[in-house]
Amino acid sequence: MKTARPLLIGGVALALLLPALLGGYPLYLATEALCWAIAAAALDLLVGYLGLTPLGHIAMWGLGAYAAALMMRAGLPLPAALPLSALVATLYSALTAPLALRAGGIFFTLVTLAFAQMLQVLADRWTAVTGGTDGLNVQSGLSEPGLYLLTLGAAALSLLVLTQLVRSPFGRVLEAIRQNEPRARALGYPVFAYRYGAVLIASAFIGLAGALGAAHRGIVTPGDLAWLQSAVLLIMVLLGGARTLWGPVLGAALYIGLQAAVSSRTDLWAGLVGLLLLALVLGGRGGLWALTRRGRA
Amino acid sequence: MQLALFALLNSLAFGMLLFLLSAGFSLIFGVARVANLAHGAFYVLGAYLGFSVTQAAGPFWLGVLVATLAGAALGVLAERLLLSRLRGQELPQVLATLGLSFVLADLIRAVWGADIRSVSPPAPFDGPLTLGGLLFPSYPFVVTGLGVSVFLVMRLVLRRTLAGAQIRAVTADPVMAGTLGLSVPKISALTFAAGIGLAAFGGAVGSPQLALSPTLDARMTLFALIVVVIGGLGSLEGAFIAALLVGLVSGFGAVYAPALAEVIPFALMILVIALRPQGLLGRRVGSA
């Protein structure tokens, strides 16, 4: 860890200087990547550290985004709207996660996906609140560099908290549950409570990321809640490597760069996302994700 | 009265389409332990294949046949090339089928375009039917009849034939079935052929009932999820009952509470898993 310090300082300096070096579209992309990085790192808490497979995590992103948009339209400043949006996303998980966790296994995946799709339908149909397919416009009141720096700060804080968390006794128990759930149970750990707690924590960060995303894009639409986006978040985690926290951050940056490079040339983007997913799963005996898994075993 | 009967007829037909869709999903999960998130995309592919054959050659049922066979072949292909390499790995399998669904959906969009297509029912069933002095469209009766027949045939095959016994054995315990000398890979491939063939069959048969649109694949996959979660994964009877239930609540919802129609099936699902996490007729599946 000590040897990584100069690298880290260099990285931070570069990140802080970025608005001065870049402007316009590249800076926009950097902000976008940072938003996704927060969400991907938080999702890694569930996928990598806890071994759960949610497919509805985009619901937390979307809820955070809609909540932030609605609050800012009501006149709340962005810094106040951010934690409140994270809270809204956490409340959603507090209500839905017990059902999904109780169902367990592959049911967890299916139930979280179904819940997220229900939210998308709601966002699409409840036009009085969400604006329907037109979405909601958001005025963050910040300049592009200002938003970048705010997102950078949020990302740094999120990663710090998440890193501390996975190193804490709490994180160790999550690890134990993933590796051998019956043993963790036999040792007396309340497995359900730990899982529930981890889901709530991840939800808060994913909601925060969604709120930042809404502020930075200036709009939220029901499309932000599509299951394609859930897959995209998972791809970021797998691309960079699960169970590393920094891996998903890297994955987010790689993915956003790739998307920017390719999506201007084709409109079959969803198909490419699918191929990428297939390549990640099949390539290299199961992709980067399997590499990290093998490292564990 | 007429409105209620209409709603009932359409709900039954929709329910049977959902059964054709989710029976395959449930079968595949039971045998191969794969939650096939590309199932709705295969359904839509079947619908478009049937549509194209009908456009080119004429007979509707030839289109249904071609779609079903193509679906079965693609099912085997998907199992051989993709899922058999990931046997026993839950997350990679889910992701692989998710990736496959995006690829299929975009291929469909590239080949057939994004316009909404409607298919007219085949010849003797394209007109109305008089029953007790009331006029009904006749095609929903055909769909309902086909759905019930497929259910009865599947039940018979699963309960009374050797192949059915082998499928049930692998569903109950793949390791033990393999130890006893059953060829699990062969049975798994056959199940994929049957399951995805059924989905494509449902798509082709259902195309006059549901208009073909570019977002239909995600909707159908979701309906398959709701049905199997309500009915219980791996249970044919559960899939049948749940498909009927979901068909009824969404059909009547669309008529009497259009604002809530799309949310009602989810509400039903939430209610069921709150009371019975394993679904109405499901067994508890290990979380491994």
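So you know, we letter chains A, B, ... as the sequences are listed, proteins then strands, and number each from 1. Any value given below was found using the heavy atoms of this structure, including those in side chains, with hydrogens, waters and symmetry copies removed.
In the displayed structure, B:R276 atom CZ is contacted under 6.0 Å by more than 12 heavy atoms of other residues, nucleotides or ligands. Within 6.0 Å of CZ in B:F252 there are more than 12 heavy atoms belonging to other residues, nucleotides or ligands. Few gaps surround CG on B:L271; more than 12 heavy atoms of other groups in view lie less than 6.0 Å from it. The number of heavy-atom neighbours closer than 6.0 Å to CZ of B:R168, taken from other residues, nucleotides and ligands shown, is above 12.
Residues B:V94 and A:L55 form a side-chain contact, since some pair of their non-hydrogen atoms from C-beta on lies under 4.5 Å apart. In this structure, B:F102 and A:W269 have side chains that are not in contact, with every pair of non-hydrogen atoms separated by 4.5 Å or more.
With a threshold of 4.5 angstrom between heavy atoms, B:A105 does not approach chain A through any atom at all. Within the 4.5 angstrom heavy-atom criterion, only side-chain atoms of B:S101, from C-beta onward, approach chain A. No part of A:W126 comes within reach of chain B, as not one of its non-hydrogen atoms sits under 4.5 angstrom from that chain. For B:R109, no part lies under 4.5 angstrom from a heavy atom of chain A. Residue B:L104 does not touch chain A at all, counting heavy-atom pairs closer than 4.5 Å. Heavy atoms closer than 4.5 Å to chain A are found in the side chain of B:L225, but not in its backbone.
A pairwise comparison of heavy atoms in B:A96 and A:L278 identifies O-CD2, 3.3 Å as the closest pair. Heavy atoms only, all atoms of each residue included: B:L37 and A:W227 are closest at O-CH2, 3.8 Å. Contact between B:L98 and A:A231 at its shortest, heavy atoms only, is CD2-CB, 3.4 Å.
In terms of heavy-atom pairs under 4.5 angstrom with chain A, the leader among B:I270, B:I226, B:L107 is B:I270. Highest contact tally toward chain B, considering only A:A270, A:A100, A:P98, is held by A:A270 [criterion: heavy-atom pairs under 4.5 Å]. Counting heavy-atom pairs closer than 4.5 Å to chain B, the top residue among A:V111, A:L228, A:L234 is A:L228.
Each of B:V229, B:L222, B:I273 was checked for a side chain to side chain contact (heavy atoms under 4.5 Å, CB included) with A:L110, and the lone residue meeting it is B:V229.
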- prompt: Yes or no on side-chain contact (heavy atoms from CB on, under 4.5 Å) for A:V281 and B:L86, after CA distance, side-chain angles and deciding distance?
  reply: CA-CA 9 Å; A:V281 170; B:L86 304 170; 3.5 Å; yes
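Interatomic distance, CG of A:L282 versus CG of B:L81, reported as 9.5 Å (0.5 Å rounding). Here the OG1 atom belonging to A:T53 is positioned 11.0 Å from the CD atom belonging to B:Q93, to the nearest 0.5 angstrom.
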